[in-house]
There are 2 protein chains.
Amino acid sequence: MEQDKLAALARVRLFEGLPKAQLATLAEIAQLKRVAAGQILFEAGQPGTHFYAVVSGKVRIYRSAPSGKEQVLHVFGAGEAFAEVPVFEGKTYPASAQTLDDSVLLTIPRKGFVEVLRRDPELALGVMALLSARLRGFVGQIAQLSLKEVPERLAGYLLLLRAAQHTDELVLDLPKGQIAAYLGTIPETLSRAFKKLSDQGLIETSGPSVRLLDPEGLAALAEAVR
Amino acid sequence: MEQDKLAALARVRLFEGLPKAQLATLAEIAQLKRVAAGQILFEAGQPGTHFYAVVSGKVRIYRSAPSGKEQVLHVFGAGEAFAEVPVFEGKTYPASAQTLDDSVLLTIPRKGFVEVLRRDPELALGVMALLSARLRGFVGQIAQLSLKEVPERLAGYLLLLRAAQHTDELVLDLPKGQIAAYLGTIPETLSRAFKKLSDQGLIETSGPSVRLLDPEGLAALAEAVR
DNA sequence: CGGCTGATTGAATCAGATCAACTGCTGTGG
DNA sequence: CCACAGCAGTTGATCTGATTCAATCAGCCG
């Protein structure tokens, strides 16, 4: 069990490369949890007592409007930490979190973590880099949402996937409805955007797989975003 | 001059409460700069060599699309630090910065700052809290931009100002064109949104001053944002 | 084979962007 | 002191991309 925990911690990007002693300290305060798909981990407005890391599975972070429409802010997969924001601030969760698959998560209580940070400045620097990277991502997302139309945002998203999967034969990592929410739109509009890119000869789609026929063309469309 | 620098550093919220020795170290590497209104400090994509703090004046952070449309991400006033992100990543600035007023700024090269950070865990925690808060701000901004229509976003913005100014007799802190860019729209549409809220009896406007007649009504409109 | 869910398509509608004209204020210079 | 240039803001008319509503389709599972 403690082995599992240590191994899990070591695979969290936030803690990668930490000396063993540090990991052991963290292991003392961290908890390993198995969570079924569809479980809500926390909801917007609740006090932030713990932050999380994904060991396996997938978690989505979202905000809902009274109308019931939901905006997906992020999807976290294995190795990623999330919800550390309220931990530093001692405030409430700004968004809700729900598992998309059966998942294994690490939960780390706020109090213990602050202690560890105080003792290890290098860890603090690592955390700052992580936050900076996340910030950079949000800047890109805000620019996308407000400066671009849906087909252009989709082009940007596909190029992102291309960079992640190292191939032009993509397999969509999320159901299309989720992708729509991530791009700040709805399935119908996303569907039409896919069609538009196909009509322009930029991509070919069949089900959840997409072939990029003209990455340069896509890049031109998505230009100046991220 | 060195006096000015020290005094200026001490008034930056991020450095508040820092031991004198640390401040002196920062003073050695920091530069005080007087910058005229409208100057561009850096543009998105340039290598991030320095980060900044506002001593007096105002600086806006924004992204622009090839079309020329701009999205304002943030406006910083006296006492606030910005552009810390590239400090930790050693990469490029994710957005552009421009002075809105004649301003006095502190510029701090990243190398020296990292040194100070390493030595002072308290400062590191402060930076983390700052980055976290900014992150939270962006989460809210994304939710606003994607879940809401312009009059609703405006209502949210006015309530934000109300919280900041502790009064229902607001004075807009930015020219309306800038507010439009912050809300992800254009001056024409913002103007109509103001009119709409007035017609509904929620506010009264005259020039840059706005009186909130029905804060609850505004809150209902903006609900679920922030 | 139904029946559910996710995805697609079509038609109608709407919010916001665009284009253009106009107002009002400010500051500069003759 | 007035005139005019210049800019911020407003208003109106039009256009367009996206959402909404509704119907249909494909795949999957009991």
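Every chain is numbered from 1 and lettered A, B, ... according to where its sequence line falls, protein lines coming before strand lines.
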- Message: Would you say B:Gln98 and B:Arg60 are linked by a side-chain donor-acceptor pair, where the criterion is simply a distance under 3.5 Å?
- Response: yes
- Task: Walk me through it: do A:Phe113 and A:Phe51 pass the test ring pair (Phe, Tyr, Trp, His ring centres under 6.0 Å)?
- Result: CA-CA 9 Å; A:Phe113 187 67; A:Phe51 79 97; 4.9 Å; yes
- Below 4.5 Å, heavy atoms only, C-beta onward: do B:Val150 and B:Leu183 meet side chain to side chain? no
Between the protein and nucleotides 22-26 of chain C, list the N/O to N/O atom pairs that are separated by less than 3.5 angstrom.
none

- Note on the structure: B:Lys58 meets the side chain to side chain contact (heavy atoms under 4.5 Å, CB included) criterion, sequence neighbours left out, with B:Val75, B:Leu100, B:Asp101, B:Leu174
- Query: Which letter, B, S or -, goes with each nucleotide of nucleotides 7-16 of chain D from 5' to 3', with contact meaning a protein heavy atom under 4.0 Å?
  - Reply: --SSBBB---
Listing, residues 127-135 of chain A side-chain donor-acceptor contacts under 3.5 Å, not counting sequence neighbours, or none:
residue, atom, partner, partner atom, Å
A:Ser132, OG, A:Met128, O, 2.9
A:Arg134, NH1, A:Glu84, OE2, 3.0
A:Arg134, NH2, A:Ala81, O, 3.2

- So, is the end of the B:Lys33 side chain (NZ or CZ) under 6.0 Å from the ring centre of B:Tyr52 and within 45° of the ring's axis? no
- Message: Is the shortest side-chain heavy-atom distance between B:Leu154 and B:Leu197 below 4.5 Å?
- Response: yes
Got a list of protein N/O to nucleotides 25-27 of chain D N/O distances below 3.5 Å?
none

- What is the distance from CG of A:Leu145 to P of D:dG17, rounded to the nearest Å? 18 Å
- For side chain to side chain donor-acceptor pair (under 3.5 Å), just list the numbers for B:Gln39 and B:Thr99, CA-CA rounded to whole Å, side-chain angles, deciding distance to a tenth of an Å, and then say yes or no. CA-CA 5 Å; B:Gln39 288 296 327; B:Thr99 49; over 6 Å; no
- Item | Pair B:His74-B:Phe76, ring pair (Phe, Tyr, Trp, His ring centres under 6.0 Å): steps then yes or no | CA-CA 6 Å; B:His74 216 114; B:Phe76 292 105; 4.2 Å; yes
- Can you run down the salt bridge (charged side-chain N to carboxylate O under 4.0 Å, His left out) pairs that involve residues 193-215 of chain A, sequence neighbours left out, and say none if there aren't any? A:Glu169-A:Arg211
